[in-house]
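This one's a predicted model, so the numbers in the text were calculated from it and none came from an experiment. Chain letters run A, B, ... following the sequence lines, proteins first and then strands; every chain starts at 1.
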Amino acid sequence: MRGRRFAFGAAAALIAAAIAGCRVNRPPNDHAATQTLYSATVSDPGTFNPILVTDSASGDAIGDLFESLVRVNPRTTLFEPGLAESWAFSDGDKTLTFHLRRGVKWSDGAPFTARDALFTMRVIYDPKIPNSSVSAMLIDGKPILASAPDDYTVVVRLPRPFAPILSSLQFSILPAHALATAYAAGRFNHTWGIDTPPDRLTALGPFLMTRYVPAQLLAYRRNPDFWMRDEHNGRLPRLKGEVRLIVPDQNAQYLQFQSGMTDVYRPRPEEVWPLEQAESKLNITVRKVGIDTGSLFFAFNRNPRHYVRQGATDPRYKWFTDVNFMRALAHAVDKRGMIDLCYRGLAVPAVSDVSPENKIYHNPNLKDYEYDLKLAARLLDEAGYRMIRPGVRGDPDGHPLVFNLTTNAGVPVRDQMCAIFKQDLQSLGITVNYRPLDFITLVKALESSFDWDCVLIGFTGGIEPNDASDFLRSSGNLHIWDPAEPKPATAWEAQIDRLMEAGTTVMDPYQRAPYYWQIQQILHDQLPIIETVRQVTYIAYRNTLENYEPTVWGFYHPEWIEFRAE
Amino acid sequence: MLRFLLRRILIMIPLIIGITFISFAAMSLIPGNFVANLALDPKISPQVLKQMEAEFGLDQPLMLRYARWLWGIAHLRLGVSLAYRVDVAHLIGPRVLNTVILALSSMALSWALAIPIGIVVAVRQNSILDRALSFLSFLGMSVPAFFLAFLAIDFALWSGWFPIGQTMSPDYASLDFWSRIADRVDHLILPTLVLGLAGVASLMRLMRSQILEIKNADYVRTARAKGLPESVVLYKHVLRNALNPFVTMAGYSLADLLGGAALVESVMNLQGLGLLLLNAVMKRDVPLVMGSVLMGTVLLLIGNLLADLALVAVDPRVDFTTLEAQ
Amino acid sequence: MNARAAIASPATRNVAIPERRGLWAALGHEWRVASLTVKLSALLLLLFYLFAAASPIIAPYDPAHQWRELPDCPPMRLHLAPRADWNQGYLCAWPMRLDVPLARHYAEDHSRRTFVRLFDRGHLFTTAPGDPPFFLMGSEGLGRDLFSRIVYGARVSMCIGLVGVAISFSLGIMVGAFSGLMGGMTDSAIMRLCEVEMSLPSFYFLLALAAVIPSGLSTTATFFLIVGIMAFISWAGFARVIRGMAASVRSAPYVEAARALGGSRARLLFRHVIPSVIGFAAVNASLSIPGYILGESALSLLGLGIQEPAASWGNLLSQAMDPQTVAYYPWVLAPGLFISAAVMAFNFLGDHLRDRFDPSNSG
């Protein structure tokens with residue numbers, strides 16, 4: 001049979017190819033010898049221009065290339081000198097003077113001066129350049145005025161004392177000499193795109209980019225002129241280089257870490273245990289980093305635009321604005337179950353919209369709503385939501401309790417959390433129709449069609465509490481349960497508005513905190529949103545890495561990281 | 001034949017315009033545009049979003065946007081991606097070569113395996129070999145390709161024989177020319193196996209059924225009756241006639257392979273088009289999606305045209321008059 | 001009529017239509033002549049459709065019920081109960097206890113038994129309401145009984161393949177065969193239409209669709225919508241293949257002759273062209289069933305598929321498909337076995353039917 005010979009030929013060719021594959025030498029793991037840290041990231045950057053960055057992948061890709069005037073100490077969550085050596089408030093906290101570090105050089109040799117800072121601010125305020133820094137730099141809608149009396153002094157004048165100002169000024173400083181021409185020619189929005197050769201990026205951070213291969217990797221080398229020194233006046237950073245592989249799939253990242261291709265890995269909850277078991281075999285350390293800084297919650301639509309149609313009000317409007325109803329629901333969220341089932345126990349119940357990792361602004365005194373379905377049923381009964389048929393509960397007017405639940409599609413953990421919530425409400429006689437939506441469709445529902453009842457959604461969190469003002473203020477666009485209210489719909493929303501306003505006028509963080517604690521208390525009592533849980537994150541890294549100190553707010557002293565000489 | 005070719009090529013132009021217009025219009029049916037990606041970022045104000053909409057021209061009417069895009073295509077400009085702010089050609093370019101190489105190599109593998117195996121099992125219908133291979137192929141069909149990809153990289157980790165994903169080593173830039181080629185080939189083996197094997201099962205079953213169908217056709221019996229040796233009958237009469245549907249399938253499978261392997265690409269990190277385009281659709285990056293729709297369409301039309309030509313060459317019963325008779 | 005019969009295509013010449021007998025007698029005859037593989041396949045499919053039709057009876061539990069203290073629980077071993085306990089049930093199992101929650105390691109709890117009761121409270125088998133559950137095939141990540149979910153999942157998965165294939169292939173065959181038979185401008189126009197259909201990014205239309213489906217739509221309605229869409233998306237490629245084959249038959253002597261005798265187009269189509277491609281089409285159709293069963297789960301990414309807490313085999317499988325799960329909880333791959341079994345059964349049966357009704361094999 002000729003056919004058979006054919007098949008055998010093909011099989012033989014296949015085996016030959018496989019053998020040829022084994023004979024290509026795998027490069028040995030020489031990360032320690034070359035002091036090059038290998039890690040993985042999930043997606044390609046969208047731009048190398050720090051002012052145009054709107055996604056986390058781009059922010060990560062160029063994060064080590066640029067610096068801002070001030071830095072945050074991730075341990076204390078307080079500000080530290082960056083490119084500015086020191087700063088001082090004067091004129092009743094309305095003037096802020098920065099003294100810039102001398103001797104800092106851009107990678108093309110040009111000195112860093114006050115001109116760079118002023119140029120960057122001009123770019124940020126330019127209405128033709130859409131960026132994410134500008135909204136934090138408008139105080140009551142007014143811009144900050146900056147001037148430079150000399151090359152190493154920047155004076156910033158504020159319309160009024162504004163506590164979040166240092167946080168607002170955390171933008172990356174651009175090299176004026178390298179970008180001024182493009183900016184003047186109106187080409188700024190297309191400057192330093194990802195097609196720019198990395199060596200043409202004029203930077204001054206600890207690392208310089210050397211190579212970008214789309215969908216494969218980003219490579220960096222140490223900036224030999226970086227300004228920081230260690231305690232023995234040695235040069236920093238200590239690593240000679242970094243390589244970040246672009247690996248979209250988490251499972252692949254996990255396997256690559258196990259194989260030694262990468263030196264660090266952030267395991268998912270279900271991977272923590274197997275990695276801990278393999279600590280000695282793989283010569284790695286698995287360490288807890290901290291509690292997620294964001295907030296993941298069920299929000300309930302209280303927007304009259306969604307419910308009032310042709311003069312008739314949908315009954316759901318009454319339920320979701322009825323605090324007794326919402327308290328019953330809060331007692332029906334099985335946070336322990338979510339922690340154990342969705343996060344393998346590696347999560348903590350979330351009580352407030354501010355993470356406990358935000359040490360100053362987190363209100364530690366809130367008492368969580370205990371998961372108790374009997375209590376929830378009693379609360380509903382007392383509030384007039386009684387069983388009208390077996391398995392069906394109705395509101396005081398007799399409408400059966402039915403609403404829609406959504407979240408963004410394709411996230412298994414959220415599917416599971418919704419399934420848990422749905423099942424518990426089912427046992428209370430409340431029917432939940434669950435259907436996730438793709439992200440943009442969901443966004444459109446949330447912010448323009450308002451056609452949703454309940455959503456499980458997460459927001460990222462930062463240290464500065466005023467960054468959440470678009471979410472907390474009644475006029476905010478991200479005031480998710482009723483965006484952009486013309487005037488506060490309720491007394492407690494008006495109260496939050498006042499507290500947000502007052503919170504920006506007190507300069508000392510510890511004196512500011514009570515304002516934000518009170519806001520958390522109000523949200524906790526009024527329940528426009530029901531908080532769920534926060535993941536506890538872990539990191540695994542090679543034992544040969546020294547000074548590797550990750551926190552949820554970033555690395556503590558990342559410039560000190562190095563491989564131990566062996 | 002020349003007339004046939006000319007007509008088919010000419011008709012491509014209105015086809016491409018029609019297809020791209022429908023795709024473009026379909027996008028306006030989907031709620032939300034690119035800037036909605038940023039709408040939940042508290043640092044980006046609605047004013048900035050409005051500015052971006054204006055900058056990208058997303059606030060303009062559909063017809064105008066389409067006309068602009070078409071005008072760009074007429075000048076061989078694919079437009080600027082919204083998410084990456086660079087020319088679409090720059091994004092698609094580096095990935096096209098990878099994808100085409102992988103698509104061709106895996107197609108070659110699956111055809112090279114499926115056709116001979118299909119013949120063998122058809123000739124030995126109902127033998128143990130036939131049953132065993134049928135069983136294997138049905139098992140293979142019930143496993144999604146991306147899971148095969150997981151198993152493959154798991155195997156690579158376990159055996160250490162193959163690289164775990166990626167299309168090149170991190171030190172690729174420092175290698176000499178031959179090592180680079182070896183490095184690429186080395187990284188190509190597992191993905192080729194995964195994508196190729198995923199396609200073998202059903203192709204092989206189809207081949208088997210085709211051969212069985214034709215093995216006993218009248219003209220084959222006639223050939224046998226003439227006393228021709230079985231192998232000649234098999235290759236000259238059976239195989240040539242059996243290939244008909246496969247030729248048509250080959251015509252459009254390249255276009256399919258180009259965009260259809262996003263999950264495998266994601267798992268094995270293959271630097272291909274599939275994942276880029278999947279993300280582009282999810283993000284509503286219109287120019288990037290349209291660039292790929294255009295590319296896919298052209299590939300499909302050319303593939304189908306070539307398939308029709310090949311059909312005439314392979315199947316003795318089909319000629320241009322059959323395909324295009326007036 | 002006689003003349004036509006004489007030159008009828010080989011495919012129609014002696015289709016094995018048995019002399020008129022009762023339906024049951026005919027089926028009985030078919031059963032006797034079938035091989036063991038075919039019998040097994042038929043029985044398997046029958047069983048799966050029974051799953052679908054009688055899920056509430058066959059499934060021991062509500063497929064959405066969560067035993068939150070028993071996530072990813074392994075399958076339990078069934079024992080014969082001690083004689084003294086036969087009043088509670090003849091079969092029993094040791095309940096499972098979560099030993100190491102982080103690792104999800106389980107140990108059998110030998111301090112008590114859970115009795116499996118047959119024909120109890122409208123279930124084929126189940127446990128008493130307060131008792132620990134008996135997981136025949138283990139539980140999944142939320143502690144739901146995997147076997148019950150598989151049984152209920154059969155409703156979706158056993159239908160989606162068959163209905164989807166029926167729609168797309170009948171459309172594909174009709175259009176393709178007609179186009180190939182006609183040739184010329186008609187053929188050209190239909191083929192260009194197919195090309196338009198094939199090059200449209202279906203993903204886009206699905207996204208648009210996901211956005212317009214009202215959020216309160218029931219699972220069943222969503223399901224039929226999905227089947228319809230999936231079928232509609234995939235007919236064009238198939239039509240092209242059939243058209244190429246039809247074009248090849250078109251010039252065959254028997255078709256030419258039938259045409260010369262003035263056979264109507266419909267007659268040519270149904271008597272000559274379609275029979276000549278039906279064998280290939282049948283195999284192709286049974287081969288595309290797994291694509292539907294698996295493809296349905298991908299739609300969940302867009303919020304279009306079967307949604308929590310409803311189950312389908314495709315969804316159950318795709319939730320299980322990561323190396324982590326496979327290494328530690330291999331039983332969650334059980335839906336994959338069911339898919340494979342169904343795929344095999346469909347294909348062996350498809351092969352058999354083709355062989356039975358393909359005249360060229362009967363000689």
Side-chain angles (χ1 to χ4, degrees), chain B residues 7 11 15 18-19 22-23 26-27 29-31 131 134-135 138-139 141-144 146-147 150-151 154 202 205-206 208-210 212-213 215-218 241 244-245 247-249 251-252 255 278 281 289 292-293 296-297 300-301 304 307-308 311 315 317-319 321-326, chain C residues 10 35 37 180 183-185 187-188 191-192 195-196 198-201 203-205 207-208 211-212 237 240-245 247-252 279-280 282-284 287-288 290-291 293-294 298 317-318 321-323 326 336 339-340 342-344 347-348 351 354-355 358 360-361 363:
Chain B
R7 192 167 29 203
I11 206 169
L15 266 183
I19 289 166
I22 299 174
S23 310
M27 281 186 304
L29 285 177
I30 310 176
R131 299 271 153 141
S134 298
F135 184 81
F138 294 143
L139 204 66
M141 261 185 271
S142 330
V143 180
F146 79 89
F147 188 62
F150 279 143
L151 295 184
D154 225 350
S202 65
R205 294 294 301 174
L206 285 176
R208 174 182 178 275
S209 86
Q210 268 298 89
L212 287 180
E213 191 104 329
K215 207 168 71 172
N216 297 319
D218 288 346
N241 287 305
N244 177 318
V247 171
T248 316
M249 277 195 245
Y252 62 77
L278 185 71
V281 174
V289 176
S292 74
V293 168
T297 307
L300 183 88
L301 295 180
N304 281 349
D308 277 352
L311 206 55
D315 191 326
R317 296 164 301 178
V318 180
D319 57 36
T321 50
T322 349
L323 284 180
E324 203 79 347
Q326 293 298 308
Chain C
S35 69
T37 329
M185 288 300 283
D187 177 40
S188 184
M191 282 306 111
R192 298 300 85 74
E195 281 169 354
V196 171
M198 286 162 82
S199 20
L200 292 178
F203 200 68
Y204 249 58
F205 290 90
L207 266 180
V212 298
R240 265 195 69 83
V241 175
I242 292 298
R243 167 262 191 177
M245 297 174 75
S248 153
V249 178
R250 193 171 111 93
S251 52
F280 178 83
V283 173
N284 210 339
L287 287 174
S288 56
I293 297 180
L294 297 174
L317 184 65
S318 69
M321 290 244 156
D322 67 88
V326 176
I339 294 178
S340 296
V343 166
M344 276 183 217
N347 278 285
F348 282 126
D351 274 7
R354 196 201 47 153
D355 291 349
D358 182 358
S360 48
N361 263 359

Trainee: What's the shortest heavy-atom distance between C/Leu287 and B/Ser202, and which atoms?
Mentor: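 In this case the closest contact between C/Leu287 and B/Ser202 is CD1-O, 3.5 Å.
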
Trainee: Hey, could you give me the CD/CG distance between B/Gln210 and C/Asn284, rounded to the nearest 0.5 Å?
Mentor: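 Taking CD in B/Gln210 and CG in C/Asn284, the distance rounds to 9.5 Å.
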
Trainee: Specify which of B/Gly18, B/Pro144, B/Gly251, B/Ala307 makes the most heavy-atom pairs with chain C at under 4.5 Å.
Mentor: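 Counting heavy-atom pairs under 4.5 Å, the top option is B/Pro144.
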
Trainee: What is the minimum heavy-atom distance between B/Pro245 and C/Val241, and which atoms define it?
Mentor: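 Closest approach of B/Pro245 to C/Val241: CB-CG1, 3.4 Å.
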
Trainee: Counting only heavy atoms closer than 4.5 Å, note whether B/Ile11 contacts chain C via side chain, backbone, both or neither.
Mentor: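 The side chain, not the backbone.
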
Trainee: Using heavy-atom distances under 4.5 Å, tell me whether B/Val293 contacts chain C through its side chain, its backbone, both, or neither.
Mentor: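 Side chain only.
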
Trainee: Can you find a side-chain donor-acceptor pair between C/Ser188 and B/Arg7 that sits under 3.5 Å?
Mentor: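 The criterion, which ignores hydrogens and geometry beyond distance, is not satisfied for B/Arg7 and C/Ser188.
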
Trainee: With only heavy atoms counted, which part of C/Leu317 is less than 4.5 Å from chain B, the side chain, the backbone, both or neither?
Mentor: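 For C/Leu317, the side chain is the part near chain B, not the backbone.
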
Trainee: Could you pull out all residues at least two apart from B/Phe138 that satisfy ring pair (Phe, Tyr, Trp, His ring centres under 6.0 Å)?
Mentor: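 With neighbours one apart ignored, the set is C/Phe348.
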
Trainee: Using heavy-atom distances under 4.5 Å, tell me whether B/Asn304 contacts chain C through its side chain, its backbone, both, or neither.
Mentor: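 For B/Asn304, backbone and side chain are both near chain C.
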
Trainee: What part of C/Leu294 gets closer than 4.5 Å to chain B, counting heavy atoms only: side chain, backbone, both or neither?
Mentor: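 Interface part for C/Leu294: side chain.
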
Trainee: Can you tell me how far the CG atom of B/Leu301 sits from the CZ atom of C/Arg192, to the nearest 0.5 Å?
Mentor: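 Rounded to the nearest 0.5 Å, the CG-CZ separation comes to 8.0 Å.
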
Trainee: If I compare all heavy atoms of B/Leu139 with all of C/Ser340, which pair ends up nearest, and what's the gap?
Mentor: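 Smallest heavy-atom distance, with atoms named: CD1-OG, 3.6 Å.
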
Trainee: B/Arg131 and C/Thr37: which non-hydrogen atoms are nearest, and at how many Å?
Mentor: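 Reported closest heavy-atom pair: NH1-OG1, 2.6 Å.
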
Trainee: About how many Å separate CE of B/Met141 and CG of C/Asn347, when rounded to the nearest 0.5 Å?
Mentor: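 So the gap between those two atoms works out to 5.0 Å.
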
Trainee: At a 4.5 Å cut-off on heavy atoms, which part of B/Phe146 comes close to chain C: side chain, backbone, both, or neither?
Mentor: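 B/Phe146 touches chain C through side-chain heavy atoms alone.
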
Trainee: Using 0.5 Å steps for rounding, measure from the CD atom of C/Glu195 to the OG1 atom of B/Thr297.
Mentor: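 OG1 of B/Thr297 is found 10.0 Å from CD of C/Glu195.
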
Trainee: Are C/Arg243 and B/Asp308 close enough, and set up right, to give a side chain to side chain contact (heavy atoms under 4.5 Å, CB included), and what steps lead you there?
Mentor: CA-CA 11 Å; C/Arg243 167 262 191 177; B/Asp308 277 352; 3.0 Å; yes

Trainee: Do you know which two heavy atoms are closest between B/Ser209 and C/Val283, and how far apart they sit?
Mentor: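 The pair with the smallest heavy-atom distance is CB-CG2, 3.5 Å.
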
